[in-house]
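Data block below; observations after.
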Amino acid sequence: AQRRVLQMSKGKFYAGDFRLGYCAFCKHWYDPTNSAIKPLPGNWWEFDREKEARCMKSVGLKTKGRHTCNKFELKI
């Protein structure tokens, strides 16, 4: 049996750039286990740009981790 390996469509940025407001880092983006984000050494973060989750501020619409909007509130 073949094993399929799923890979993150990764984006990487410095923690000082949270003002960019990516959905993956927003408290309104429904990812209760924070599976789309990962801290890296040196104050860098990695996130799954393609993962979809519901935005609880936008009537439950699904958005990708790379999207941004004016309702962003940092969850970490």
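- Listed by chain and number, the residues in a side chain to side chain donor-acceptor pair (under 3.5 Å) with Lys75 are Asn34 (sequence neighbours excluded).
- Scanning for side-chain contact (heavy atoms from CB on, under 4.5 Å) contacts around Ser58 gives Cys55, Leu61, Lys71, with sequence neighbours left out.
- No side-chain heavy atom of Leu20 sits under 4.5 Å from any side-chain heavy atom of Thr68.
- For Glu50, the salt bridge (Lys or Arg N to Asp or Glu O under 4.0 Å) partners at least two apart in sequence or on another chain are Lys64, Arg66.
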Return a table of donor-acceptor pairs under 3.5 angstrom between the side chains of residues 25-32 and protein atoms on other chains or two or more places apart.
unit_1: Lys27; atom_1: NZ; unit_2: Glu73; atom_2: OE1; d: 3.0
unit_1: His28; atom_1: NE2; unit_2: Glu73; atom_2: OE2; d: 2.9
unit_1: Trp29; atom_1: NE1; unit_2: Thr63; atom_2: O; d: 3.2
unit_1: Trp29; atom_1: NE1; unit_2: Thr63; atom_2: OG1; d: 3.0
unit_1: Asp31; atom_1: OD1; unit_2: Ser35; atom_2: N; d: 3.2
unit_1: Asp31; atom_1: OD1; unit_2: Ser35; atom_2: OG; d: 3.1
unit_1: Asp31; atom_1: OD2; unit_2: Ser35; atom_2: N; d: 3.0
unit_1: Asp31; atom_1: OD2; unit_2: Ala36; atom_2: N; d: 3.0

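- Rounding to the nearest 0.5 Å gives a distance of 9.5 Å between NZ of Lys62 and NZ of Lys51.
- Summarising the geometry of Tyr22 relative to Phe72, their closest heavy-atom pair is O-CE1, 3.3 Å, with the distance given to 0.1 Å.
- Leu40 is linked by a side-chain contact (heavy atoms from CB on, under 4.5 Å) to Lys12, Lys38, Trp44, Glu46, counting only residues two or more places apart in sequence or in another chain.
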